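Just so it is clear, the model here is predicted, and its values are computed rather than measured. Note on naming: letters A, B, ... go to the chains in the order of the sequence lines (proteins, then strands), and numbering restarts at 1 for each one.
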Amino acid sequence: MAGISRPRGTDDLLPEPLARMARVLDAGLEVASGFGYRQVETPIFEATELFVRGVGDSTDVVTREMYTFADRGGRSLTLRPEGTAPVVRAFWESDLRQAPLPVRLSYAGAMFRYDRPGKGRYRQFHQFGVEAIGDSEPELDAEVIAVAWRWLQGLGVEGISLQLNSIGDQECRPAYRQALLDYFEPLASQLPALDRERLRRNPLRVLDSKELAASGLLEGAPRTVDHLCSSCREAFERVRLALTAYGIPFQMNHRLVRGLDYYVRTAFEVWHEQLQGAQNSLFGGGRYDGLSELLGYPPAPGVGFAAGLERVAMLAPTVPAGPPPALAVLSAPPADPGAAIAAADRVRRRGIQVLCDAGGRSLRAKLSWAERAGVRGVLILGESELERRTVTARLLADRTQVELPLRALEEAVPAWLEGAKAVGEGTR
RNA sequence: GUGGCUAUAGCUCAGUUGGUUAGAGUGCCAGGUUGUGGCCCUGGAGGUCGAGGGUUCAAGUCCCUCUAGCCACCCCA
């Protein structure tokens with residue numbers, strides 16, 4: 001088709017899907033609010049440094065997957081690829097840091113990643129998430145999970161499972177990493193080149209390697225939970241106890257990891273049975289006690305999750321679409337179209353959604369159009385009505401019509417619609 | 001970033017081994033007598049066959065490049 005099409009990996013949110021997503025998001029914000037999480041909104045772009053520091057030497061992410069540009073002042077800026085670093089930044093740059101800890105925050109908005117697009121994977125997509133900052137109590141990890149879980153439950157999403165793991169912290173992870181390397185050392189010759197490279201660059205990532213999972217070489221690999229230090233072990237136990245108290249079932253997943261060093265202890269994802277392979281994760285989260293310092297701030301523990309709104313909306317059971325406008329006001333040519341316009345405007349002031357067609361098409365065409373638009377009734381203003389200072393009010397369902405006084409439209413129309421609704425319900 | 005599949009009206013798709021002015025359904029607009037809708041009938045608008053090159057007397061159909069979508073991999077903060 002001629003014309004300019006949208007950039008690769010973007011999507012137009014049309015009325016139906018947008019209404020769906022908005023409903024899904026509202027539900028999330030409400031659940032979060034019930035747990036004391038208050039919404040914040042950070043800029044859509046940030047200093048590039050904010051994201052580079054967080055991901056460190058993950059070169060792919062930095063060099064390949066960020067929307068980075070220089071503004072006219074020569075500053076390097078980046079469209080936000082995720083929400084956690086900005087929220088932590090906002091925490092330190094505001095008086096939130098003086099609030100009693102933890103500070104509970106939620107956020108939602110567009111994120112940008114220069115990925116290869118695919119189904120359910122866009123370069124501009126939308127996330128909803130919560131962060132609890134300034135408290136390292138394990139019960140908080142469970143709380144964050146509970147917010148996510150209650151949200152999905154409330155939406156009626158079926159077939160979900162909570163995948164849970166603990167990946168240790170600065171104290172015990174080095175030893176675990178070594179154990180992992182020791183295990184794979186003698187197997188090096190059997191490893192695909194890709195996994196040898198992973199082992200060198202980001203050892204934990206071999207645990208979720210697809211090739212290795214298929215080969216069975218992972219079966220005997222050491223598990224993070226067996227190498228936790230005592231404090232991590234105790235914390236994980238408390239997370240599980242708290243989840244039990246919430247009544248939230250979970251599945252231990254020893255291959256669930258995070259690729260970045262600032263993540264510690266609890267890591268979780270929620271999977272859906274209908275989502276396949278690379279996109280089976282509805283959302284993920286974890287504890288990021290090391291992030292604040294990486295960003296150049298004083299230490300501050302934190303835990304949170306982020307969910308892809310597109311995917312959640314896709315899985316939420318059908319949300320009833322917003323009702324169509326109740327009324328259409330039609331002029332019947334050659335009557336003065338201004339009368340229809342004015343009448344429509346008056347009825348709208350009563351809070352009724354009104355479509356108006358004051359154009360030159362035939363009344364037949366307008367009625368046919370109103371029918372397809374799904375309105376319950378129409379008001380017709382033609383020459384004879386104007387002469388009598390009335391409007392013809394017609395119900396589409398039973399083809400009955402009455403005349404209402406033009407002068408008292410504001411009262412007559414709502415009353416007429418109410419009466420029609422009562423009759424309609426009575427016959428059901 | 002790598003490999004594979006795909007690309008024809010707004011939408012869903014047909015288009016035989018390359019062969020005249022490219023079709024259907026649906027949607028859209030109009031008409032079926034003078035101001036009254038869902039069905040039906042008739043008509044109309046709408047496509048440089050994703051874009052650009054090439055082969056050929058002839059390309060929607062074959063070849064190349066690009067773009068976009070989908071799938072797998074990479075990555076997934």
Side-chain angles (χ1 to χ4, degrees), chain A residues 1-11 46 50-66 78 80-88 111-122 125 127 129 192-195 197-198 201-202 205 208-211 214 257-263 267 269 276-281 283-286 288 291 294-295 304-306 308 328 330-335 357 359-375 377-386 392-401:
Chain A
M1 194 184 13
I4 299 165
S5 49
R6 58 179 178 266
R8 181 163 206 212
T10 62
D11 202 13
E46 296 269 2
L50 180 69
F51 302 114
V52 171
R53 285 208 201 181
V55 296
D57 60 353
S58 282
T59 50
D60 259 17
V61 165
V62 172
T63 63
R64 219 177 81 189
E65 297 175 5
M66 295 204 310
T78 294
R80 65 180 176 200
E82 57 106 13
T84 302
V87 168
V88 169
M111 305 290 163
F112 304 84
R113 295 182 191 180
Y114 195 86
D115 272 339
R116 187 103 171 209
K119 192 175 182 61
R121 190 171 204 186
Y122 297 98
F125 59 102
Q127 284 193 333
L194 196 58
D195 288 303
E197 177 61 16
R198 269 200 195 98
R201 259 199 356 229
N202 199 346
R205 276 289 176 194
D208 59 7
S209 160
K210 280 150 197 150
E211 270 179 297
V257 294
R258 292 279 103 107
L260 303 178
D261 284 342
Y262 62 75
Y263 278 104
E269 292 185 1
Q276 290 302 316
Q279 35 170 359
N280 63 348
S281 184
F283 51 75
Y288 48 83
L291 177 60
L294 264 187
L295 298 181
F305 78 80
L330 312 176
S331 68
D357 188 343
R361 301 192 303 163
S362 70
L363 185 60
R364 176 192 159 102
K366 289 179 183 178
L367 273 165
S368 167
W369 167 82
E371 166 80 25
R372 277 173 292 120
V375 301
V378 297
L379 302 185
I380 301 168
L381 283 94
E383 287 184 310
S384 53
E385 282 87 356
L386 292 181
T392 296
R394 181 177 177 86
L395 286 173
L396 293 182
D398 56 12
R399 295 174 175 249
T400 58
Q401 59 188 39

With heavy atoms under 4.0 Å as the rule, sort A:S362 into base, sugar-phosphate or nothing.
-> sugar-phosphate

Pick the P atom in B:C73 and in B:C57, then give their distance to the nearest Å.
-> 47 Å

If only atom types and distance count, is the side chain of A:R258 paired as donor or acceptor with the main-chain N or O of A:Y263 below 3.5 Å?
-> no

If you measure from the P atom in B:U42 to the same atom in B:U36, how many Å do you get, rounded?
-> 23 Å

Atom-to-atom span, NZ of A:K210 to P of B:A72 - whole angstrom = 9 Å

More than 12 heavy atoms from other groups under 6.0 Å of CZ on A:R201 | no

For A:Q401, answer base if it contacts any base atom (sugar-phosphate contacts may also be present), sugar-phosphate if it contacts only those atoms, and nothing otherwise; contact means non-hydrogen atoms under 4.0 Å.
-> base

Stems in RNA chain B, runs of 3 or more consecutive Watson-Crick or G-U wobble pairs with both distances under 3.5 Å, sorted by first number, are B:1-7 with B:67-73, B:10-13 with B:23-26, B:28-32 with B:40-44, B:50-54 with B:62-66

Which whole number of Å gives the distance between the C1' atom of B:G69 and that of B:C28?
-> 26 Å

Does the distance from a Lys or Arg side-chain N to an Asp or Glu carboxylate O, for A:R116 and A:E65, drop under 4.0 Å?
-> no

When we call it a touch if two heavy atoms are under 4.0 Å apart, what does A:A365 touch: a base, just sugar-phosphate, or nothing?
-> sugar-phosphate

Quickly, which of A:R361, A:E383, A:E385, A:K366 forms a side chain to side chain contact (heavy atoms under 4.5 Å, CB included) with A:S331? Name it, please.
-> A:K366

Let me know the distance between CG of A:D115 and C1' of B:A72, rounded to the nearest Å.
-> 15 Å

N/O donor-acceptor pair, side chain A:R121 with base B:C75, under 3.5 angstrom = yes

Is the shortest heavy-atom distance from the side chain of A:R113 to the side chain of A:P81 under 4.5 Å?
-> yes

For B:G1 versus B:A45, give the span between their C1' atoms, rounded off to a whole number of Å.
-> 45 Å

Taking the side chain of A:T392 as heavy atoms from C-beta outward, which of B:U36, B:C73, B:A77 is closest to it?
-> B:U36

Take the protein atom CG of A:L363 and the nucleotide atom P of B:C29, then report the distance between them rounded to whole Å.
-> 15 Å

Base, sugar-phosphate, or nothing: which does A:E197 touch, judged by heavy atoms less than 4.0 Å apart?
-> nothing

Would you mind classifying the nucleic acid contact of A:R361 as base, sugar-phosphate or nothing, using non-hydrogen atoms under 4.0 angstrom?
-> sugar-phosphate

Let me know the distance between CZ of A:F305 and P of B:C76, rounded to the nearest Å.
-> 21 Å

Remember a base hit wins even if backbone is also touched, and classify A:L330 as base, sugar-phosphate or nothing at under 4.0 Å, heavy atoms.
-> nothing

B:U36 base / A:R394 side chain donor-acceptor hit below 3.5 Å = yes

Which is true for A:P117 with a 4.0 Å heavy-atom rule: it touches a base, it touches only sugar-phosphate, or it touches nothing?
-> sugar-phosphate

Comparing A:P333 with A:R201, nearest RNA chain B nucleotide closer to 5' gives the residue A:P333

Which part of the nucleic acid, if any, lies within contact of A:R198, taking any heavy atom under 4.0 Å across all strands shown: a base, the sugar-phosphate backbone alone, or nothing?
-> sugar-phosphate

Looking only at atom C1', what distance separates B:G15 and B:A22, rounded to whole Å?
-> 8 Å

Using atom P of each nucleotide, how far apart are B:A9 and B:C13 to the nearest Å?
-> 11 Å

Ignoring backbone atoms, establish whether A:R64 has a side-chain N or O less than 4.0 Å from OP1 or OP2 of B:U2.
-> no

Can you list the residues that meet the salt bridge (charged side-chain N to carboxylate O under 4.0 Å, His left out) rule with A:R198, with sequence neighbours excluded?
-> A:D195

Under 4.0 Å between any heavy atoms, over every strand shown, what does A:L396 touch: base, sugar-phosphate, or nothing? Just pick one.
-> base

Length of the NZ-P vector between A:K366 and B:G38, whole Å | 17 Å

Which part of the nucleic acid does A:F51 contact within heavy-atom distance under 4.0 Å: base, sugar-phosphate only, or nothing?
-> nothing

Pairwise 5' ranking along RNA chain B for A:A397 and A:I380, keeping only the more 5' one = A:I380

Would you say the base of B:G69 and the side-chain of A:R116 have a donor-acceptor pair closer than 3.5 Å?
-> no

Under 3.5 Å, is there a donor-acceptor pair between the side chain of A:D115 and the main chain of A:P117?
-> no

Does A:L50 reach the side chain of A:R80, with side-chain heavy atoms less than 4.5 Å apart?
-> no

When the P atoms of B:G3 and B:U17 are considered, how many whole Å apart are they?
-> 31 Å

CD of A:E65 versus C1' of B:A77: gap in Å, rounded?
-> 9 Å

Excluding sequence neighbours, so at least two apart, what forms ring-ring contact (aromatic ring centres under 6.0 Å, His included) with A:F112?
-> none

Would you indicate, yes or no, if B:C29 has its OP1 or OP2 atom less than 4.0 angstrom from a side-chain nitrogen or oxygen of A:R372?
-> yes

Provide the distance between the two P atoms, one in B:G43 and one in B:U48, to the nearest whole Å.
-> 24 Å

How is A:R8 classified with respect to the nucleic acid when contacts are heavy atoms under 4.0 Å: base, sugar-phosphate, or nothing?
-> sugar-phosphate

So what does A:G9 touch, heavy atoms closer than 4.0 Å: a base, only the sugar-phosphate, or nothing?
-> sugar-phosphate

Nearest-Å distance, CG (A:D261) to P (B:A77)?
-> 13 Å

Flag the pair A:E46 / A:F51 as yes when at least one side-chain heavy-atom distance between them is below 4.5 Å, and no otherwise.
-> yes

Expressed in angstrom and rounded to an integer, what is the separation of A:D398 atom CG from B:G38 atom P?
-> 16 Å

